[in-house]
Amino acid sequence: MMKLNGILPALVTPFDAAGKVDHDTLASILEHQLKAGVSGFVPLGSTGEYYALANDERRQVLATVKEVVGDRGTLIAGANGSCTREVLEQIKQTVDAGYNNLLIAPPYYALPSQEELLAHYNTILETFPEINVVLYNYPVRTNVEVGLDVIAALHEHPRVIGIKESSGNLLRAIEIGEKYKGLQLSCGSDDQALDFYLWGADSWICGPANIFPEKVVAFHKAFTGGDIRGAQQIMRSLFPAMANLESGKFVQKVKYGAELAGFKVGPARAPLLPLTDDEKAEFRKVFEASQQ
């Protein structure tokens with residue numbers, strides 16, 4: 001089974017002044033994060049505004065990430081949609097782009113039952129025997145939870161390798177980590193990263209890695225090296241920024257944070273609106289504090 005390990009940035013998708021995907025900046029971000037010591041990347045997730053990209057743009061992002069990273073890191077691509085047919089189409093083009101690890105959330109808008117969601121995942125696994133699946137539980141975005149019954153049915157499947165748990169419900173994450181040992185638990189709730197690691201996670205699919213990759217890599221190294229207090233100190237320094245990110249307008253704030261870190265990634269696409277001057281000032285304050 002492929003091992004989920006280390007910091008896996010949930011990549012932003014940078015846009016240029018004309019609103020097009022900026023592949024040069026994307027390549028620079030990838031190189032910067034690799035230099036910081038990340039273990040791989042997760043393009044085309046919610047932080048990457050997957051839902052706002054045209055299909056051709058998705059293919060181009062996949063190609064750029066694959067070309068730049070090569071074999072220097074684990075690649076897990078988001079491939080999602082509102083129905084099973086659409087998801088299968090997205091998976092095919094992702095596989096055709098050279099990816100075999102996929103991050104799959106429940107179909108949004110359709111509101112499948114748990115039985116229907118399980119059938120959805122089984123159809124994916126049967127249709128594409130060459131892929132590994134990381135389940136993606138983010139009910140605030142999909143309005144559907146990857147329930148424990150679905151996890152119970154899939155956790156011993158040899159190609160269901162893990163779950164990115166982004167519900168914000170730490171008790172649920174603890175139950176998954178304790179009860180379903182065959183399923184690797186990856187942190188998807190950034191402000192709970194230390195808690196996830198304490199309860200068995202070895203990886204963090206991390207939006208804030210677009211802002212301070214060195215710090216989140218240092219956290220992972222400290223914890224896995226046995227320096228729990230050191231990991232706690234790093235998280236303590238980051239926590240005001242994490243809390244601000246989780247308070248709303250996550251994508252806009254991650255992109256603004258990337259700008260503060262030196263990368264012109266452009267604004268989030270509509271319907272998301274830019275941060276106000278007050279929101280920028282508030283985030284800049286916690287960003288600067290995290291750098292001390």
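Here the closest non-hydrogen pair linking V251 and S46 is CG2-O, 3.8 Å. Across D191 and D195, no two heavy atoms sit closer than the pair O-OD2, 4.5 Å. Contact detail for Y121 and I104: the closest heavy-atom pair is OH-O, 2.7 Å. Taking both residues in full, the closest heavy atoms of G266 and K255 are given as O-CE, 3.5 Å, listed atom of the first, atom of the second, then distance. Taking every heavy atom of both residues into account, L88 and F128 meet most closely at O-CZ, 3.6 Å. Here the closest heavy-atom approach between residue L53 and residue G48 is recorded as CD1-O, 4.0 Å.
No donor-acceptor contact under 3.5 angstrom links the side chains of E89 and N55, judged on distance only. Defined by atom type and a distance below 3.5 Å, a donor-acceptor pair is missing between the side-chain atoms of T127 and K92. Side-chain atoms of Q184 and N5 form no donor-acceptor pair, as typed in the model, at a separation below 3.5 Å.
For the side chain to side chain contact (heavy atoms under 4.5 Å, CB included) with N101, the qualifying choice from L4, V133, T74 is T74, the only one to do so.
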Next item on the list: Step by step, work out the salt bridge (Lys or Arg N to Asp or Glu O under 4.0 Å) result for D277 and K280.
Entry: CA-CA 5 Å; D277 289 343; K280 285 185 175 182; 5.3 Å; no
Next item on the list: Please test E57 against R269 for salt bridge (Lys or Arg N to Asp or Glu O under 4.0 Å), starting from the C-alpha separation and ending with a verdict.
Entry: CA-CA 13 Å; E57 291 176 319; R269 278 186 172 169; 2.8 Å; yes
Next item on the list: Quick one: do K221 and E214 satisfy salt bridge (Lys or Arg N to Asp or Glu O under 4.0 Å)? Show the steps, please.
Entry: CA-CA 10 Å; K221 288 182 176 178; E214 295 87 357; over 6 Å; no
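Salt-bridge check for R72 with E31: passed, with a basic side-chain N closer than 4.0 Å to an acidic carboxylate O. Taking a cutoff of 4.0 Å between a charged side-chain nitrogen and a carboxylate oxygen, R59 and D96 do not qualify as a salt bridge.
Residues Y51 and Y108 keep their aromatic ring centres 6.0 Å or farther apart.
I205 and F41 fall into different hydrophobic clusters, where Ile, Leu, Val, Met, Phe, Trp and Tyr are joined by side-chain heavy atoms under 4.5 Å apart, directly or via other members.
Between F287 and F212, the ring planes are parallel. Angles under 30° get that label, and only those over 60° would be called perpendicular.
Atom CD of E86 is surrounded by more than 12 heavy atoms from other residues, nucleotides or ligands within 6.0 Å.
Between the side chain of S166 and the main chain of G188, a donor-acceptor pair closer than 3.5 Å is present.
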